[in-house]
Amino acid sequence: MKIHEYQAKEIFKKYGLPVPRGIVAHNAHEAECAAKELGTPVVVVKAQVHAGGRGKAGGVKLAKSPEEAGKIAAEMIGSRLRTYQNPEGLPINCVLIEEGVNIDKEFYVGLTLDREVSRPVFMVSAAGGMEIEEIAKTNPELIIKEHVDPAIGLLPYQARKIAFKIGLTDRKLISQFVKILMTLSKMYFELDASLIEINPLVKTKEDNFICLDAKIDFDDNALYRHPDIQELEDTTQIDPLELEAKKWDLNYVRLDGNIGCMVNGAGLAMATMDTIKFFGGEPANFLDVGGTATVERVAAAFKLLLSDPKVKAIFVNIFGGIVRCDRIAGGIIEAAKQVELDRPLIVRLEGTNVELGRKMLEESGLNIIPAKDMADGAQKAVKAAKGEL
Amino acid sequence: MSILINKNTKVVVQGLTGKEGSFHAKQCLDYGTQIVAGVTPGKGGMTWTDDEGKYKVPVFNTVEEAVKETGADASLIFVPPAFAADAIMEAADAGIKLIVCITEGIPVNDMVKVKRALEGTGVRYVGPNCPGVITPEECKMGIMPGHIFKKGRVGIVSRSGTLTYEAAYQLTSRGIGQSTVIGIGGDPVPGTTHREAVEMFNCDPETDAIVLIGEIGGTMEEEAAEYIKECVDKPVVAYIAGVTAPPGRRMGHAGAIISGGKGDAKSKMEALKAAGAYVCNTPAEIGEMVEKALKERGLL
Ligand SMILES: Nc1ncnc2c1ncn2[C@@H]1O[C@H](COP(=O)(O)OP(=O)(O)OP(=O)(O)O)[C@@H](O)[C@H]1O
Ligand SMILES: [Mg+2]
């Protein structure tokens, strides 16, 4: 689960990490008042959306007066911000008005799971700021990595090692830096984060460290033990169809194509998309209905697919394992009746009791195009979407 | 021979008395798996029986007791996500050397800690979030439909449940059997990796060929490819799901930095090709490709 920068900064503050003073505003008037209250010669207006790369996309702007802050806020709020990390764009419902900080140098600090070694890893660079991904590609040696032992957490010597590697020499700064890293490690485990990122961590002209940006991602599987964090969820930042899918416990991701897919199992769902593409089609979505394809869930999934006007054909690809094919066929028939299917439906069933399942589909009176295997189904779906079937 | 499990494996089921545990334990027993004990804290002393009253299995409060009383040497775990890490650790502490955890939705940090704690102990665990392990016609420890598998000499390792079935079914339909099939699961911190599974198959004299099914994310397939290049002479047929998966809407930069260009389907497929594996474009080709590979080597 993602949260906004201002929420992450509140959590940072609770843990004693240095963040700029800031106030959230929902309209121009609030923004102007906030800028006045902060009272610094320059304030920064920051769009609050669940995506990074805001600076480059015009979502972070300087204002030299409260009036200007109000004007910028008025432009931002109500619009959508498209960044390279989220090309469809996300709605800006509020902005963070923050005191302007005198930046001397920008560092990058990230903490996330390194799947290769199954441990969290700190990634730190003296070349922080908005170009960090470029730097990771062109000069990976400029990114210092240090793994955290989950049994004991980060140790001070590890933080010091990083501090020296990124060229810190001042004792006060080193001690501030070590404290920040130690705190992040503690936060990561206590909050069940999957990502904590400060980009940039800034050294100010006054020689202090301050976290100018803050991003936290949480592990969805662990949210049950953090009800307070669960409350921070902002559903306006989630695709409405994906939100609807979540209600039914369906794993759905919207894509650009015109062939709706319904599959059981994430791996098979991905493979189905690949197969469609291999035969020259474009999947409209990823949809995993899970192992227990009950009538209600299949019906919900059909509704979801049909609500997307781009969808021209639907390909159902189910491998019946423990849940037998006849049960699944029953579910498909029942659900198809409920939703009044108005687009071609290609069904590939395989597995336990497949003969019975296929017979049920055939005799259902529904306009179902049967497929003998995955490749056959994908080819038929591609044709149907082109209106050639 | 097979790997990990066979007809002599004695299984304790943790979470036997729950809905999932009961249902799947029955299926495993029907398949011929020796389930010798169940563990549910607080229900020790009772006897579990399936809905038809065909089987009776003693239930214990702790794995330690179950092992002592029944000699169980492998554990199959169905406990809910909040208690699953604890259950794995309990099994390991009781001396169980093979643990298969089916549970889906375990917090990642819990598994990071389990992995750390079991480092160097010699305990092999498979999962979580996986269909389990099966040695066809001998022992099924998991939730896979038993009848699609057939005894034979091809090993399968896969991150995805339904793709495992897809592959096994294609092989079985062609009359090609399997030595052991391992679902290593789709979580970011798996107990057993592709590389480890391939290594076990490579050392198993009764496995002639290996099917590796991977997906995008992480670097397990690349690591397996390195090992295959260096050590494996047996034919390897691979499929990677997710060629068309979108990059995903992300927020930070860490994901992009850490992967360093690895992790996408293309990189995995190239690594496997370079290691000499037969790489399939779609999962529909797996069966055909295995048959071809076996024939080429005169193994069929
Ligand atoms: N309070 C502030 N005072 C001065 N400059 C700031 C302030 N906040 C942000 N900036 C500048 O704006 C840039 C972009 O802001 P920020 O890092 O918060 O957003 P972002 O572009 O979404 O981040 P990222 O690219 O890491 O995803 C920073 O790198 C920094 O140079
Ligand atoms: Mg930033």
Side-chain angles (χ1 to χ4, degrees), chain A residues 2 50-52 85-86 108 110-116 118-121 123 132-133 136-137 140 143 149-151 189 192 194-195 197 199 215 217 219 221-222 224-225 253 255 263-268 270-271 273-278 283 286 291 319 321-322 350-352 373-375 378, chain B residues 23-24 27 81-82 105-113 115-117 131 143-145 147-148 158-166 169 186 188-189 213 215-220 223 239 241-246 248-258 260-261 265 281-285:
Chain A
K2 299 180 173 76
H50 285 181
Q85 292 187 2
N86 192 314
Y108 172 86
L111 175 57
T112 192
L113 175 72
D114 184 352
R115 292 172 63 161
E116 213 168 327
S118 298
R119 291 181 181 204
V121 62
M123 293 179 290
I132 187 68
E133 284 183 43
K137 268 189 216 139
I143 296 180
D149 184 335
F189 289 109
D192 284 303
S194 53
L195 163 79
E197 191 176 79
N199 184 35
K215 293 190 173 78
D217 255 0
D219 174 9
N221 288 348
Y224 72 87
R225 50 192 180 205
V253 181
L255 301 166
V263 188
N264 64 336
L268 191 61
M270 274 197 279
M273 289 161 49
D274 294 349
T275 309
I276 288 174
K277 189 113 176 182
F278 183 76
F286 166 95
F319 197 104
I322 296 292
E350 199 57 83
T352 319
D373 57 36
M374 218 166 135
Chain B
F23 177 80
H24 290 294
Q27 307 270 325
I106 303 176
V108 176
N109 275 343
D110 288 9
M111 293 318 298
V112 166
K113 285 177 183 157
K115 185 116 189 171
R116 167 70 174 92
I143 61 175
M144 60 289 269
H147 68 91
I148 62 169
S158 166
R159 269 161 82 175
S160 147
T162 35
L163 276 179
T164 313
Y165 309 162
E166 185 80 42
Y169 188 78
V189 182
I213 300 172
E215 33 184 90
I216 47 166
T219 54
M220 272 205 291
E223 288 156 37
Y239 170 70
V243 182
T244 52
R249 273 147 257 167
R250 54 200 177 88
M251 192 157 80
H253 306 286
I257 297 175
I258 198 165
N281 286 310
T282 75
E285 295 168 16

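Since the model is a prediction, treat every value here as computed from it, not as a measurement. What you see below is based on every heavy atom in this structure, not just the backbone, and it leaves out hydrogens, waters and symmetry mates. Proteins get letters first, then strands, A, B, ... in listed order; numbering begins at 1 in each.
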Contact part of [X] toward chain B, heavy-atom cut-off under 4.5 Å: side chain, backbone, both or neither?
{"X": "A/Leu113", "result": "both"}
{"X": "A/Ala136", "result": "side chain"}
{"X": "A/Phe286", "result": "neither"}
{"X": "A/Asp192", "result": "both"}
{"X": "A/Met273", "result": "both"}
{"X": "A/Glu350", "result": "side chain"}
{"X": "A/Val121", "result": "side chain"}
{"X": "A/Asn199", "result": "side chain"}

Let me know if [X] has heavy atoms under 4.5 Å from chain A in its side chain, its backbone, both or neither.
{"X": "B/Ile148", "result": "side chain"}
{"X": "B/Ala284", "result": "side chain"}
{"X": "B/Ala82", "result": "both"}

Specify the closest pair of heavy atoms between [X] and [Y], including all atoms of both residues, with the distance to one decimal.
{"X": "B/Gly242", "Y": "A/Asp274", "value": "N-OD2, 2.7 Å"}
{"X": "A/Ala271", "Y": "B/Leu163", "value": "CB-CD2, 3.8 Å"}
{"X": "A/Thr275", "Y": "B/Pro283", "value": "OG1-CD, 3.7 Å"}
{"X": "A/Ser118", "Y": "B/Val112", "value": "O-CG1, 3.5 Å"}

Using 0.5 Å steps for rounding, measure from the [atom1] atom of [X] to the [atom2] atom of [Y].
{"X": "A/Leu255", "Y": "B/Thr244", "atom1": "CG", "atom2": "OG1", "answer": "7.5 Å"}
{"X": "A/Phe278", "Y": "B/Asn281", "atom1": "CZ", "atom2": "CG", "answer": "4.5 Å"}
{"X": "A/Leu268", "Y": "B/Thr164", "atom1": "CG", "atom2": "OG1", "answer": "10.0 Å"}

So A/Met270 and B/Ile216, side-chain contact (heavy atoms from CB on, under 4.5 Å) or not? Walk me through it. CA-CA 9 Å; A/Met270 274 197 279; B/Ile216 47 166; 3.8 Å; yes
Got a sec, which residues hit side chain to side chain donor-acceptor pair (under 3.5 Å) with A/Asp149, two or more places apart in sequence or on another chain?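 A/Asp149 satisfies side chain to side chain donor-acceptor pair (under 3.5 Å) with B/Arg116 once adjacent residues are dropped.
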Return the set of residues passing side chain to side chain donor-acceptor pair (under 3.5 Å) with B/Thr162 (not counting sequence neighbours), or none when no residue passes. none
Among the listed options [options], the residue most often paired with chain A at heavy-atom distances under 4.5 Å:
{"options": "B/Lys113, B/Lys115, B/Glu166, B/Glu215", "result": "B/Glu166"}
{"options": "B/Gly105, B/Ala117, B/Pro107", "result": "B/Pro107"}
{"options": "B/Gly186, B/Pro188, B/Ala265", "result": "B/Pro188"}
{"options": "B/Ser158, B/Ser160, B/Ala241", "result": "B/Ala241"}

When heavy-atom pairs shorter than 4.5 Å are enumerated against chain B, which of A/Val263, A/Asp373, A/Asp114 gives the highest number?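 Ranked by heavy-atom pairs under 4.5 Å with chain B, first place is A/Asp114.
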Can you confirm whether A/Pro150 sits close enough to B/Asn109 that some side-chain heavy atom of one is under 4.5 Å from a side-chain heavy atom of the other? no
Before giving the answer on side chain to side chain donor-acceptor pair (under 3.5 Å), spell out for A/Asn264 and B/Tyr165 the whole-Å C-alpha distance, their side-chain angles and the decisive distance to 0.1 Å. CA-CA 12 Å; A/Asn264 64 336; B/Tyr165 309 162; over 6 Å; no
